[in-house]
Amino acid sequence: KSSDSETANNLISKALKLFATPDVPVLIRLNEYGDYDRPTTAEQYLNYLKDQKSVNVRINDIKYNVNKKITELELIKK
């Protein structure tokens, strides 16, 4: 929820530093039954959030590499 695109892009750049690469898969569970939305990448998802200006998911699971960078992120819709 940033006030302008420049601020949003700076926040995205900072967030991407938490990931092993910008292409890390982001999986979005639609429900508790294990149905998933189409996979996306960290960079694509962060840009989607910038456009939507809202978040309606919570973290379900995170996988890290030995450098403590995120290698997979699973979210679940609220």
Side-chain angles (χ1 to χ4, degrees):
K1 293 188 176 186
S2 60
S3 57
D4 58 71
S5 287
E6 184 178 339
T7 303
N9 290 334
N10 287 335
L11 291 170
I12 289 170
S13 293
K14 288 180 183 179
L16 285 173
K17 291 178 183 178
L18 302 172
F19 293 86
T21 72
D23 296 327
V24 163
V26 174
L27 308 171
I28 303 165
R29 286 183 61 177
L30 300 173
N31 54 45
E32 296 292 332
Y33 305 109
D35 297 323
Y36 287 86
D37 199 350
R38 186 179 67 198
T40 188
T41 66
E43 184 172 32
Q44 290 171 336
Y45 189 69
L46 290 169
N47 280 304
Y48 168 78
L49 292 177
K50 177 178 78 170
D51 295 339
Q52 295 300 307
K53 297 182 176 137
S54 67
V55 179
N56 65 342
V57 296
R58 63 179 169 81
I59 296 172
N60 192 58
D61 190 28
I62 302 175
K63 294 182 181 172
Y64 297 94
N65 64 14
V66 295
N67 298 321
K68 298 185 181 178
K69 298 284 185 170
I70 300 170
T71 58
E72 184 178 293
L73 178 61
E74 183 180 292
L75 306 171
I76 189 165
K77 290 215 175 194
K78 292 182 187 176

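Here, residue 1 is the first one in the sequence, and each next residue gets the next number.
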Next item on the list: Could you identify which residues cluster with Leu27, counting Ile, Leu, Val, Met, Phe, Trp and Tyr as linked when any side-chain heavy atoms lie under 4.5 Å apart, either directly or through a chain of such contacts?
Entry: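 Tyr36, listed by chain and number.
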Among all residues two or more places apart in sequence or in another chain, which pass the ring-ring contact (aromatic ring centres under 6.0 Å, His included) test with Tyr64?
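Listed in chain order: nothing, the list is empty.
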Listed by chain and number, what are the ring-ring contact (aromatic ring centres under 6.0 Å, His included) partners of Phe19, not counting sequence neighbours?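 With sequence neighbours excluded, Phe19 shows a ring-ring contact (aromatic ring centres under 6.0 Å, His included) to no residue whatsoever.
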Can you name the closest pair of heavy atoms from [X] and [Y] and give their distance?
X	Y	result
Ile12	Leu46	CD1-O, 3.7 Å
Pro22	Leu16	CA-CD2, 4.2 Å
Thr71	Ala20	CG2-CB, 4.1 Å
Thr41	Val26	C-CG2, 3.7 Å

Residue pairs meeting salt bridge (charged side-chain N to carboxylate O under 4.0 Å, His left out), one or both in residues 18-37, sequence neighbours left out, come to Arg29-Glu74, Glu32-Arg58
Suppose the criterion is salt bridge (charged side-chain N to carboxylate O under 4.0 Å, His left out): which pairs have a residue in residues 6-19, not counting sequence neighbours?
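The answer is none; no pair qualifies.
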Output, in order, the C-alpha distance, side-chain angles, deciding distance and verdict of side chain to side chain contact (heavy atoms under 4.5 Å, CB included) for Leu73 and Tyr45.
-> CA-CA 11 Å; Leu73 178 61; Tyr45 189 69; 5.8 Å; no
Please determine whether residues [X] and [Y] belong to a single hydrophobic cluster, defined as Ile, Leu, Val, Met, Phe, Trp and Tyr linked transitively by side-chain heavy-atom distances below 4.5 Å.
X	Y	result
Val57	Ile70	yes
Ile62	Ile76	no
Leu30	Ile59	no

Residue set satisfying salt bridge (Lys or Arg N to Asp or Glu O under 4.0 Å) with Glu43, at least two apart, ordered chain then number -> none
